[in-house]
Structures are given as C-alpha cells and as structure tokens.
Amino acid sequence: QVQLVESGGGLVQAGGSLRLSCAASGRAFSTYAMGWFRQAPGKERDFVGTITKSGGLTNYADSVKGRFTISRDNAKNTVYLQMNSLKPEDTAVYYCAASPTWASRANEYNYWGQGTQVTVSS
C-alpha cells in the first residue's frame, strides 16, 4: 500500500507563498501520477493540479493557473506544491493523491494523504 503524508501548511497573509510537500512510502512512486486537491468547509473536494509520472507535464485548475506549481523528486519519493500570490479563497485542506494514470478526477486516484490546512488571511 502507498502511504502519503502532506506537510507545509500554515497561516499566511494574502499575497504570500507556501510550499507543500507530500512524502510517499513505497518503491513504486515513479509509476504514479500525482495530484493535488483541496476542500474548503462546506464544499466538495476540488482538483488543484497534477503531474505526470516523470514530472515532464503538469495540468492545473483555472483558479490556480499561473500561481501554483507542482514538481516532483522521484529519488526522494516526494511531490511539491509551490503556492504563490495566495488569496483568501485558497483557504482549504490540501490533499495529495496518487493515480496510475494522469487524471483530473478524484475518483481516478487510488491513494490519499490525510491533508494539511492552508489558511490565507486577508
């Protein structure tokens, strides 16, 4: 089983930056596409972005395009979410997930972390 653990969340002012990390267990990390999702109180879990198995391609939700960047280091079994120009509406619990395919749908991801809270103050 693949276990994912997010870290790096916290409180930041609007316009600031945070870098989230997702550490994965197991030897098969490079065989999975990785995705980031977020969920605000009272809202459904939404797609943020995804990165291919080798890290060569990325895809982002329109709401974060140009502000967020996903990267991965397969040697360290870690995927990152660099968040710049943060807005109060970015406040949510952020989750990383692993999928055997490059996907944007939550139901295509097989493994999930427990999430890390990101709060952006105005």
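Throughout, numbering of the chain's residues begins at 1 and tracks the sequence.
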Looking only at heavy atoms, what is the nearest atom pair of [X] and [Y], with distance?
X    : Y    : value
P88  : A14  : CD-CB, 4.1 Å
Y109 : A103 : OH-O, 2.5 Å
L18  : G8   : CD2-O, 3.9 Å
N74  : S30  : ND2-CB, 3.5 Å
A92  : R38  : CB-CB, 3.8 Å

Check whether [X] and [Y] end up in the same hydrophobic cluster, where Ile, Leu, Val, Met, Phe, Trp and Tyr are linked by side-chain heavy atoms less than 4.5 Å apart.
X    : Y   : answer
F47  : I51 : no
V5   : V48 : no
Y111 : W36 : yes
F37  : V93 : yes

Would you give the length of the straight line joining atom [atom1] of [X] to atom [atom2] of [Y], rounded to the nearest 0.5 angstrom?
X    : Y    : atom1 : atom2 : answer
Q114 : S7   : CD    : OG    : 13.5 Å
T50  : N59  : OG1   : CG    : 7.5 Å
N77  : C22  : CG    : SG    : 10.0 Å
M34  : F29  : CE    : CZ    : 5.0 Å
L11  : S121 : CG    : OG    : 5.0 Å
S71  : L81  : OG    : CG    : 8.5 Å

Q: Test E6 against C96 for side-chain contact (heavy atoms from CB on, under 4.5 Å), laying out the working first.
A: CA-CA 7 Å; E6 303 94 337; C96 67; 3.7 Å; yes
**Q.** Steps toward side-chain contact (heavy atoms from CB on, under 4.5 Å) verdict (R67, M83)
**A.** CA-CA 6 Å; R67 300 188 297 120; M83 304 184 293; over 6 Å; no
**Q.** T58 side-chain N/O to I70 backbone N/O, donor-acceptor pair under 3.5 Å
**A.** no
(Q) Treating T52 as the side-chain partner and G56 as the backbone partner, does any N or O pair qualify as donor plus acceptor under 3.5 Å? (A)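 Checked: pair present.
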Q.
Set out, in order, the CA-CA distance, both residues' side-chain angles and the distance that settles side-chain contact (heavy atoms from CB on, under 4.5 Å) for T91 and Q117, then state yes or no.
A. CA-CA 8 Å; T91 296; Q117 177 70 48; 4.0 Å; yes
Q.
Under the criterion side chain to side chain donor-acceptor pair (under 3.5 Å), I'd like the reasoning laid out for S17 against N84: C-alpha separation, chi angles, the key distance, then a yes or no.
A. CA-CA 4 Å; S17 299; N84 299 325; 2.9 Å; yes
Q.
For a side-chain contact (heavy atoms from CB on, under 4.5 Å) check, start with the C-alpha distance between T116 and L20, then their side-chain angles and the critical distance, and finish with the verdict.
A. CA-CA 8 Å; T116 185; L20 306 184; 4.1 Å; yes
Q. Is any NZ, NE, NH1 or NH2 atom of the basic residue among K65 and D62 found under 4.0 Å from an Asp or Glu carboxylate oxygen of the other?
A.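 A salt bridge is present here (some side-chain N lies under 4.0 Å from a carboxylate O).
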Q. Taking side chain as C-beta onward, heavy atoms only, is K87 less than 4.5 Å from S63?
A.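 SC-SC contact between K87 and S63 ruled out.
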(Q) Counting neighbours of CD on Q3 that are heavy atoms of other residues, nucleotides or ligands and sit closer than 6.0 Å, is the number greater than 12? (A)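 12 or below, so no.
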Q. Could you go step by step and tell me if T101 and Y32 meet the side chain to side chain donor-acceptor pair (under 3.5 Å) rule?
A. CA-CA 7 Å; T101 62; Y32 292 93; over 6 Å; no
Q: Could you list all the ring pair (Phe, Tyr, Trp, His ring centres under 6.0 Å) pairs where at least one residue sits in residues 55-106, not counting sequence neighbours?
A: none
